Structure formats: structure tokens, C-alpha cells
J.: 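I have a structure I would like to understand better, so I am pasting it below and will then ask my questions one at a time.
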Amino acid sequence: MKSKELPKKYKSNEAEMKWGEFWESNGVHKYDPMVSREKTFVVDTPPPTVSGSLHVGHVFSYTQTDVLTRFQRMRGKNIFYPMGWDDNGLPTERRVQGLYGVRCNPNLPYNENWEGKISSKKKKEEEEISRKNFLEVCQKQTAEDEKKYEKLWRHLGLSLDWNQAYETINDHCRKVSQLSFLDLQQKNLVTTKESPTMWDTTFQTAVAQAEVEEREKGGHFYDIRFAVEDGSDFVISTTRPELLGACVAVVAHPEDERYKHLFGKTALTPLFNVRVPIMPAEHADKEKGSGILMVCTFGDIHDVEFWKAEGLPLRQIIEKEGTLGPIEYGSAKFPSEKPEKANDVSKQLAGLYVKQARKKVVELLSEEGSCAAGKGAALVGEPKPTQQFAKHYEKGDHPLEYISTRQWFVKILDYKKELIEQGRKIKWHPETMFKRYEQWVDGLNQDWCISRQRFFGVPFPVWYPLDGNCRPDFENPLYATKEQLPVDPLAEVPSGYREDQRGKANGFMGDPDVMDTWATSSMTPQISSHWGTDDERHSKLFPADLRPQAHEIIRTWAFYTITKSWMHGKEVPWKNIAISGWVVDPHKKKMSKSKGNVVTPESLIDQYSADALRYWASKAKLGSDTIYDENVFKVGQRLATKVFNASKFVFLQIENVEDQYLGMENITEPVDKVWASKMNKVIEESTQAFENFHYATALSSVEAAFWEFCDIYLELVKTRAYKLKDSSEGRSALACLAWTWKNFIKLMAPFLPYITEEVWSWHFAEKEDAPSVHKSEWPQVISLNEDKFEGPLIDMAKEALNVLRGEKTTAQKSLRWPIEELVLKGQVKDLDYFKEIEKDIAFSSNLKKEIQYKPLEDNESGFDGRYFEFSVTLSEHAD
RNA sequence: AGGAGUGUAGCUCAGUUGGUUAGAGCGCUACGUUGACAUCGUAGAGGUCCCCAGUUCGAAUCUGGGCAUUCCUACCA
């Protein structure tokens with residue numbers, strides 16, 4: 001065999017291109033549908049939101065999944081590892097709106113000739129386009145983004161099967177989502193109802209509990225005097241005086257002596273002169289404010305609950321846009337003792353946004369004579385500043401309002417116990433993450449609102465019949481049939497109706513809403529398995545083996561997926577859930593685009609190589625956050641280079657050696673056996689670690705062993721391997737080198753797929769009949785037949801080398817400088833075994849030596865190991 | 001306020017079931033290097049293992065109590 005031409009240096013970018021194409025054209029990552037379920041490993045990959053670009057946080061967590069998956073592939077598993085794109089939903093709408101300067105107006109007709117052009121415009125100058133045009137431009141934009149994402153994932157070396165990719169807006173996903181909805185409907189697990197719901201006034205849509213976050217805001221307490229029918233009065237404290245017109249009751253704690261006597265009486269609100277009952281309520285806190293407070297429709301969740309429990313009237317004054325409505329007082333719905341005065345106030349407030357209205361109301365309340373009790377101004381004293389916590393939609397800028405609207409809900413509140421039980425059946429990595437799930441489910445207080453008043457999403461497969469006055473009958477919806485799916489109720493017709501009956505008396509109307517994006521992504525395992533449409537495929541892919549995801553979406557993605565799987569089939573969606581941590585900045589805050597992180601993953605890969613980034617991601621355990629640190633990329637890069645150089649060296653030693661001399665039976669020399677037994681341990685450890693999802697532990701163990709291999713073992717045996725290659729001593733070294741090298745490539749393959757594939761191709765691709773290391777068999781431990789070779793010989797040799805190098809360094813001499821005499825001290829456990837190392841050190845270090853030993857006294861500390869002290873005297877051969 | 005995590009070298013982190021002198025990498029300092037490798041090698045400096053108390057022959061590790069910090073949840077009229 002003639003010597004191959006090996007590159008002088010490793011060029012990561014060229015290699016990444018080459019092997020990326022190689023994997024694709026050889027179908028290395030392809031799922032085989034013919035293989036049984038037992039031999040298949042199914043990953044429920046997170047579909048990232050397609051709204052701009054991926055960042056280092058994505059690289060981090062997706063790499064961790066890929067590492068686990070590559071291990072399983074080498075264990076012989078048939079891998080199902082799809083990619084999904086979450087392209088529907090608000091993020092896409094927002095991105096398109098900003099990028100193209102357009103806004104959806106569902107009342108406009110479709111314009112065939114309209115073409116979206118990138119042009120950012122101010123909000124007021126945005127072009128209004130039809131719903132269909134809007135959806136088209138959304139789809140066009142996400143398709144472009146997805147291409148960019150795919151390119152990055154390929155470059156990073158994620159071993160995804162791109163044949164299994166899906167987009168959550170495509171026909172198949174819409175079908176599965178709608179099927180899911182219909183199934184829940186049949187099981188009586190969804191309901192439509194008009195009820196107070198958290199509402200974002202900017203996007204004008206309902207939002208679910210899981211999408212809400214608290215933000216701290218400065219605010220003020222305003223003390224306002226109310227009159228009582230008996231002529232007395234009291235003062236309430238509020239941060240939201242603009243809701244005065246929506247006041248439906250006043251409450252105090254049942255045990256509050258100050259107000260007990262007022263229960264059952266009525267109070268009169270200032271400005272509006274509305275008569276409201278004074279009632280006891282458990283949620284009133286005697287210590288807070290004045291102890292008595294107003295109940296409005298709706299200020300917060302307590303208002304909603306109290307309003308529901310007591311059957312109070314609904315006086316909604318805030319409209320969907322976040323402005324105060326034009327309210328006519330003196331009507332049945334909005335009674336007033338002095339309607340004229342109330343309407344005068346109402347006129348001044350109508351059309352104002354909440355913040356402006358607050359200012360105005362405060363202004364009016366501080367006017368002389370505004371107090372209904374006849375005590376001058378209703379506003380008492382100065383407003384007191386306070387830190388408020390207001391609920392916000394995570395993507396919105398204004399506080400949420402509770403507004404009563406009609407929405408679709410999945411009934412989850414009745415099944416908290418069952419859903420926690422389902423969570424318990426799944427193996428969480430790390431285990432402690434289950435607590436988060438449990439706590440979230442336990443604390444739920446609202447059903448899951450799945451309808452959104454948006455456009456780019458999966459429509460409800462629902463129509464409503466219209467009565468003679470064109471009023472929809474929401475209580476008796478018309479559901480699509482399974483065969484109709486996917487269906488757009490705004491374009492298609494319920495069975496038994498004709499298109500020309502749309503919107504007409506006694507006709508029908510389509511449900512205009514779309515589903516929450518989680519209603520679709522909660523079905524990712526079923527989307528991949530083709531639930532409901534392909535039973536055989538479903539049985540092979542469901543439940544999945546692994547769900548990887550981040551911890552902040554346990555309350556959404558994990559929870560909703562578990563919920564859906566339980567509701568549809570009383571199953572858990574996956575056997576394992578692996579929770580990745582975050583990439584955080586040096587101040588331990590989560591890194592994100594908005595924080596101005598300008599480093600793109602693409603440029604990092606170009607600079608450091610994909611393997612280097614993967615190394616960094618693989619160093620972090622599941623569930624723990626990692627500080628962004630480019631130094632770790634450098635370490636990864638160095639490791640890859642070392643793999644290249646060491647491989648080159650080993651390859652040059654063994655390339656022309658006949659196969660028969662590289663068999664394991666040739667490993668006869670003690671030092672080689674000891675090294676092989678050390679490798680056995682590394683293989684065992686890392687396999688064990690991988691099986692427990694502890695890939696980072698596996699990496700550490702392999703990495704440490706590899707550097708030791710380069711620094712110690714290679715140094716020890718290189719002379720022997722080179723000079724005595726035709727003797728049994730030399731062959732022992734060569735066989736051990738070949739075996740060790742092969743195993744290192746394999747052990748590192750999940751982490752560094754490119755460099756390992758590169759060096760694998762030099763020799764083993766052909767010898768092992770495995771074109772790709774990633775489809776080769778995971779290393780097995782070998783039997784050495786002599787278990788006594790587990791002693792510290794390598795450690796001694798290591799120490800000998802270190803002392804040797806140290807001495808020479810101290811003497812400021814070359815490492816080739818001959819040593820006159822060197823005394824080496826150390827400890828060894830096994831006396832017989834110790835005798836054997838004599839020739840090895842001499843041999844491998846090219847040195848002659850004498851070894852003396854004597855028993856060591858039993859350790860004073862009581863530790864019961866037996867030791868022998870030894871000293872080695874080394875002096876240079878007269879070579 | 002409740003829950004979960006974290007706290008070990010200047011930095012990023014390992015540290016299994018308690019066990020001899022607490023580790024690695026980076027960084028720093030000094031030195032070396034024509035034979036796989038300067039994307040290298042060798043050596044050195046650097047520690048109150050957050051604090052206090054307890055259990056133990058022995059604690060980074062176990063127990064109790066604090067402190068700091070991150071995240072989740074709740075409250076905040």
C-alpha cells in the first residue's frame with residue numbers, strides 16, 4: 001500500500017463543506033421506516049420560531065441534542081430526527097409587518113397583483129393589505145428564513161434527516177392541529193364561552209396564562225372618597241382610578257370592624273354617582289390601603305373571580321383597542337343617580353387610552369365638588385408613589401386588560417392531578433426540572449385559551465349558523481368533518497350550506513380566529529408520527545424517546561404537549577425530556593438578540609469551526625446555564641487540531657503494516673496492555689455517562705484520556721513502534737496504537753463530527769467497511785485476559801516522563817539531552833506486577849535504569865492500602 | 001412569600017458512595033522546541049472549597065441555621 005497524501009494542516013471550513021455533502025449524498029442521517037420500533041430512536045426536535053435569525057443559544061441547545069442523538073446512532077439505533085419550523089403566529093406577523101411595512105386588514109379584497117417588497121415604514125404609513133395577501137407574504141418570508149436556518153444547522157453538523165422536515169403552517173400540520181381540535185371537541189374537552197380573558201390591546205388578541213409575564217412599573221396610589229347611602233363616607237385606595245366608571249361593588253374583609261356595619265348598604269361612586277353594593281370579601285386585606293376597595297370589571301383576577309362568584313353586573317368600559325368606550329349612563333346596563341353629570345364625565349373620557357384617561361379622571365376627582373358625600377374634592381391627599389407589578393403579554397408593551405370576549409378554551413383545570421401524574425411518568429433530565437412542571441400545573445387558575453384574534457395561524461375548523469337577524473349561534477357551532485381537513489372556514493363552506501349563504505340571514509359565518517401557536521406545536525410528536533392519518537407510522541414513532549427543550553417553556557411546550565397526548569390517547573408523548581440551560585452573558589443574564597449580541601453563529605463557525613462550537617456546547621451539562629466564553633471555542637479548536645495531528649502520526653505508523661499484525665492478539669507488552677485497559681475504562685465510563693444523558697461527563701473523560709494518550713503513551717511507545725516494527729514488541733505497540741486511535745475517533749465523533757470523519761476516512765472507512773464513523777459501531781471494551789494489568793504503570797511512566805522533562809527543563813536542556821542519573825520516587829501497590837515495568841520504561845524511554853523497592857509502613861491515617869516505595873535511577877543509553 | 005438551582009484558583013468549571021497533599025482548562029510567570037503537533041511542550045505561582053454551628057478518627061462532600069446570586073411561581077386594590 002502506498003502512502004496517502006495527507007494535508008499538512010487541517011482546514012475546518014473545507015472539511016465541513018466536504019463532509020456535509022458526503023453525509024447528505026450517502027443518507028447517513030436518514031430514517032429507515034422499515035426498522036422496528038425497538039431499534040429506533042425518536043427525537044421530538046423543537047421547532048424554532050422563524051422570525052429573523054438563530055443565535056448562539058440555539059446553537060448551544062441543538063448541539064446538545066445532536067450529541068445525544070449521534071451516540072444513539074452509533075449504538076446501532078435507527079434515528080428519527082426531524083426538523084420543524086414554527087412559522088405561524090404573532091412573531092412572524094410582527095416581523096413581516098416591520099419588514100414590508102404592511103398591515104393586515106381582513107375587510108380588504110385580495111389583490112392578485114400585489115407583491116411584497118422589503119421597506120420599513122413608520123407605523124402610521126403602513127400599507128393595508130388583505131388577509132390573503134398578508135398570509136402569502138408571511139409564507140414567503142418564513143420560507144426564506146427557513147432556508148437560512150437550514151444552512152446554519154447543516155453547517156453546525158446537526159445530524160437531522162431533512163426529509164422529515166415540516167413547517168407548522170403547512171397543510172399537514174394544519175390538518176393535525178384541526179384534527180386535534182375536533183378530537184378534543186368530541187371528547188368534550190374544548191368549549192367556547194364569553195368570559196373575561198386577558199387581552200393585549202396592542203395586538204388586540206386574547207392571550208393565555210403561559211404567555212404572560214410580570215413587569216415592574218412605577219405607579220401611584222390614589223385615595224378616593226365614596227359616599228354611603230346613610231350619609232357617611234369612606235376612602236378607598238386604588239392605582240387605577242380610570243376604572244371608576246366600571247365599579248360594580250365595594251368590598252372589605254368580613255372581619256374588618258371598621259367596615260362591618262356597612263355591609264348590605266350601598267355606596268355612591270364619585271363623578272358617576274353609581275350606586276354599588278358594599279360587600280364582604282375574603283380577598284380584601286385589612287392591612288392594605290384603607291382596607292376597603294372597589295371591584296371593577298375588570299381590574300385584576302380578583303375582580304374577575306369575585307364578579308363571577310357574586311353574579312355582579314358587567315360594566316366593561318375599556319374597549320379592545322385599549323381606549324375608554326363611549327358609555328351612556330342612565331341606561332339599564334350603566335345606571336346612575338345623576339346621569340347627566342356622569343355622561344359629561346364619560347364624554348371627556350371616551351376615546352382616551354388608559355393612561356390618558358387615568359390623568360383625566362384624577363384631574364376631575366381633584367375638582368371641588370366632585371365628592372358625592374359633599375366633602376369637596378373626592379381625591380383625598382396627594383397620590384402616593386408605589387412600585388406596581390402589572391401583567392404584560394410577553395411580546396407586548398402595554399399592560400393586559402381583562403376584557404370579556406368569546407374564546408375557545410381547552411378544559412385543563414379539571415385535570416390538574418392527572419396531568420401531574422402524566423409528567424411523573426416521564427424521565428426528566430435533570431430530574432429536578434419535574435418540580436417546575438408540577439408547580440406550574442398546580443398553580444394554574446385559568447383554562448387554556450387557544451383562540452387568537454390574528455391571521456397567520458391555523459384556523460378553527462368551525463362555522464356558526466346565523467339566525468334570521470344575522471346573529472351567530474355560538475352555542476351550536478358547525479364542525480368540519482375529518483375529510484375536509486385542512487380547512488379554512490373563511491374560504492370553505494360547512495356541509496349543507498352554499499357559499500352564497502355566507503354572512504346572510506339564516507346562513508353561516510366562518511370562525512375568524514386562529515389557534516394559538518402552541519395548539520399546533522403541542523402536537524409535534526403527532527405531527528411527525530402522522531397521528532390520525534397513518535397508523536403504522538404512528539405506531540413506530542410515538543411516543544418519542546427524547547424531547548429536548550429549554551426550561552422556560554416547560555410551562556408551555558412541555559405542558560401542552562403532555563396535555564394533548566393525554567387527552568387524545570391517555571399516553572405520555574415521550575419517554576425522556578432533556579432540558580437544556582441558557583447561554584448567559586458575563587452578568588448571568590440570558591443572552592438574546594434584544595440585548596445587542598452582534599455575534600452571529602455563522603461568523604463564529606467560520607472563525608472557530610463547527611467542531612469548536614460543538615465542543616463548547618457539549619461542555620455544559622443539561623439544565624445548567626453556561627456563560628458565553630469564546631475561550632472555550634479556542635480550546636475546542638485546539639482539541640480538533642490535536643486530533644488531526646495525532647491521527648496523522650498514528651496513521652503514518654500503521655498505514656503500511658499488514659492487517660494481521662494489528663489484531664488485538666498482538667498486544668503483548670505490559671505497558672500496552674495497561675494502556676488498553678485504561679482505554680477500556682474510558683469506553684465504559686463514557687458509554688455509561690451517555691446512557692444517562694451525561695454527555696458532558698463523557699466528553700471530559702474522553703478528552704482527558706486523549707491528551708494523556710498524546711502526551712504520555714505516544715511518547716512512551718513511539719520509539720518502539722518505529723524502530724522495532726517487525727518484532728513482537730513493536731507490533732504490540734502498533735496494534736495498541738491502531739485500536740486506541742480507532743476508539744478515540746469513535747468516542748469523539750458525537751462531539752466533533754467533522755474532524756473525526758476526516759481522520760476516519762484515512763484508514764478505517766475502508767478497513768472497517770464503514771464509510772462514515774457516525775454509522776460505525778460504538779466502541780466495545782476488549783478482553784485482555786489478564787486482569788492484573790490495571791496497576792499504576794501508566795501513572796509511573798507518566799511520572800517518569802514528567803520528572804525527566806522537568807529535570808531537563810530545569811537544566812535548560814533539550815528534551816533529547818542525555819540524562820546522567822535521575823532518581824524517581826513513587827508508590828506502587830502490587831509487587832509482582834511492579835517488576836515487569838522495568839523493561840518497559842527502559843524500552844520506551846530509551847533509557848537504562850535500576851529499580852529498588854521496599855515495603856512502606858502501614859499508613860498512620862488508617863487507610864488500609866498497601867504500598868511500596870520505589871525509586872528508579874535512569875541514565876542514558878549509549879545508543 | 002413559596003419552590004428549584006448555584007456559590008470551589010484571576011476567569012470558566014470538574015470533584016462519584018465522607019478518606020492521604022482539593023483538580024482541569026484558560027489566563028499569568030519562567031523556560032524549552034529541526035522529526036505528528038507553535039493550533040506545541042515543560043515547569044511555576046495562585047485556594048478561608050460563601051459564613052457559622054453540629055455529626056465523625058476524618059467534611060468541599062452529611063445535618064441545621066444564615067448570607068449572596070439566578071430562575072420559576074404567587075402577592076402587591
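What you see is a predicted model, and the numbers here were worked out from it, not measured in a lab. Numbered from 1 within each chain, the chains take letters A, B, ... in sequence-line order.
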J.: For B:A4, give its Watson-Crick or G-U wobble partner with both distances under 3.5 Å, or none.
T.: B:U70
J.: Nearest to the side chain of A:R555 - B:A36, B:U12, B:C72?
T.: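 Among the listed nucleotides, the one closest to the side chain of A:R555 is B:C72.
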J.: Once you measure the plane-to-plane angle for A:H283 and A:F306, does it fall in the parallel (<30°), tilted (30-60°) or perpendicular (>60°) bin?
T.: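 It falls in the perpendicular class, over 60°.
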J.: Is the ring centre of A:W616 less than 6.0 Å from the ring centre of A:F60?
T.: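 Yes, the ring centres sit under 6.0 Å apart.
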J.: What distance, rounded to whole Å, do you find between the two P atoms, one in B:G47 and one in B:A9?
T.: 10 Å
J.: Looking at the side chain of A:W707, which of B:G25, B:G41, B:C76 is the nearest nucleotide?
T.: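 The answer is B:G41.
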J.: Among A:D611, A:L613, A:D606, whose side-chain contact (heavy atoms from CB on, under 4.5 Å) with A:S609 holds?
T.: A:D611
J.: Pick one: which of A:F651, A:F649, A:W762 meets ring pair (Phe, Tyr, Trp, His ring centres under 6.0 Å) with A:F644?
T.: A:W762
J.: Mind checking who B:C75 pairs with, Watson-Crick or G-U wobble, both distances under 3.5 Å?
T.: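 Paired with B:C75, as far as the under-3.5 Å criterion goes, is no nucleotide at all.
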J.: Collect all protein-nucleotide pairs involving nucleotides 14-17 of chain B in which both atoms are nitrogen or oxygen and the distance is under 3.5 Å.
T.:
residue, atom, partner, partner atom, Å
B:A14, OP1, A:K621, NZ, 3.2

J.: Could you measure between the two P atoms, the one in B:U55 and the one in B:G10, and give it in whole Å?
T.: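 Approximately 32 Å lies between the P atom of B:U55 and that of B:G10.
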J.: When you compare B:G7 with B:U61, how far apart are their P atoms, in angstrom units rounded to a whole number?
T.: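 Looking at atom P only, B:G7 and B:U61 are 12 Å apart.
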J.: Quick one: on RNA chain B, does A:T626 or A:M294 contact a more 5' nucleotide (nearest heavy atom)?
T.: A:T626
J.: Describe the nucleic acid contact of A:A284 in one word from base, sugar-phosphate, nothing, applying a heavy-atom distance below 4.0 Å.
T.: base
J.: Describe the nucleic acid contact of A:D303 in one word from base, sugar-phosphate, nothing, applying a heavy-atom distance below 4.0 Å.
T.: nothing
J.: Is there a side-chain contact between A:H302 and the phosphate of B:C76, meaning an N or O under 4.0 Å from OP1 or OP2?
T.: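 It does, given that an N or O in the side chain of A:H302 lies less than 4.0 Å from OP1 or OP2 of B:C76.
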J.: Work out how far the P atom of B:G32 is from that of B:G46, and round it to whole angstrom.
T.: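 It comes out at 23 Å once rounded to the nearest Å.
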J.: Quick check: A:F709 with A:W675 (ring centres under 6.0 Å apart)?
T.: yes
J.: Work out how far the P atom of B:A1 is from that of B:G65, and round it to whole angstrom.
T.: 16 Å
J.: What is the distance from NZ of A:K391 to P of B:U73, rounded to the nearest Å?
T.: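 After rounding, the reported distance stands at 10 Å.
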J.: Please report the interatomic distance CD(A:Q64) to OG(A:S580), rounded to the nearest 0.5 Å.
T.: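 Taking CD in A:Q64 and OG in A:S580, the distance rounds to 5.5 Å.
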J.: Nearest whole Å is fine: how far is B:C26 C1' from A:Q637 CD?
T.: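 Between C1' of B:C26 and CD of A:Q637: 14 Å.
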J.: Measuring to OP1 and OP2 of B:A36, would you say a side-chain N or O of A:K9 lies under 4.0 angstrom away?
T.: no
J.: Show the numbers, then the answer: is there a side chain to side chain contact (heavy atoms under 4.5 Å, CB included) between A:V251 and A:Y259?
T.: CA-CA 9 Å; A:V251 297; A:Y259 304 108; over 6 Å; no
J.: C1' atom, B:C67 versus B:A53: distance in rounded Å?
T.: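 Here B:C67 and B:A53 have their C1' atoms 15 Å from each other.
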J.: To the side chain of A:R638, which of B:A36, B:U12, B:C40 is closest?
T.: B:C40
J.: Would you mind pulling out the nucleotide paired to B:U63, Watson-Crick or G-U wobble, both distances under 3.5 Å?
T.: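 Because both required distances fall under 3.5 Å, B:U63 counts as paired with B:A53.
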J.: Please report, rounded to the nearest Å, how far the P atom of B:U73 is from the CD atom of A:E552.
T.: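 Whole-Å distance recorded here is 11 Å.
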J.: Does a distance-only test, which skips hydrogens and angles, find a donor-acceptor pair under 3.5 Å between the side chain of A:E214 and the base of B:C72?
T.: no
J.: Of the nucleotides B:A36, B:C72, B:C76, which has the atom closest to the A:K642 side chain?
T.: B:A36
J.: With both distances under 3.5 Å as the test, what is the Watson-Crick or G-U wobble partner of B:G47?
T.: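 The answer is none; no pair meets the criterion.
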J.: Using the C1' atom as the reference point in each nucleotide, state the distance between B:U29 and B:A45 in Å, no decimals.
T.: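 Rounded to whole Å, the distance is 7 Å.
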J.: Looking at A:A252 and A:F263, what are the two nearest heavy atoms and their distance?
T.: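 Distance-wise, the nearest heavy atoms are O-CZ, 3.7 Å.
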J.: Where the side chain of A:K648 is defined as all heavy atoms beyond and including C-beta, which of B:C75, B:A74, B:A36 is the nearest nucleotide?
T.: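 So the side chain of A:K648 is nearest to B:A36.
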J.: Do the rings of A:Y560 and A:W448 sit parallel, tilted or perpendicular, given the 30° and 60° boundaries?
T.: parallel
J.: Please list, chain by chain and in numerical order, all residues satisfying side chain to side chain donor-acceptor pair (under 3.5 Å) with A:K391, sequence neighbours excluded.
T.: A:E214
J.: Quick one: on RNA chain B, does A:G443 or A:I627 contact a more 5' nucleotide (nearest heavy atom)?
T.: A:I627
J.: For the side chain of A:Y713 and the backbone of A:F706, is there at least one donor-acceptor N/O pair under 3.5 Å apart?
T.: no
J.: Over all heavy atoms of both residues, which pair between A:F434 and A:G423 is shortest? Give the atoms and the distance, please.
T.: CE1-C, 3.5 Å
J.: When you compare the protein's N or O atoms with those of nucleotides 3-10 of chain B, which come within less than 3.5 Å of each other, and at what distance?
T.:
residue, atom, partner, partner atom, Å
B:A4, O3', A:T432, OG1, 3.1
B:A4, O2', A:T432, OG1, 2.8

J.: Does A:V635 reach a base, just sugar-phosphate, or nothing at all? Heavy atoms under 4.0 Å.
T.: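 Answer is sugar-phosphate: A:V635 comes under 4.0 Å of backbone atoms only.
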J.: Tell me the partner of B:C13, counting only Watson-Crick (N1-N3 plus N6-O4 or O6-N4) or G-U wobble (N1-O2 and O6-N3) with both under 3.5 Å; none if nothing fits.
T.: B:G23
J.: Taking pairing as Watson-Crick or G-U wobble with both contacts under 3.5 Å, can you name the mate of B:G41, or confirm there isn't one?
T.: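 B:C31 - that is the nucleotide pairing with B:G41, both distances being under 3.5 Å.
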J.: Provide the distance between the two C1' atoms, one in B:A59 and one in B:G54, to the nearest whole Å.
T.: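 Rounded to whole Å, the distance is 11 Å.
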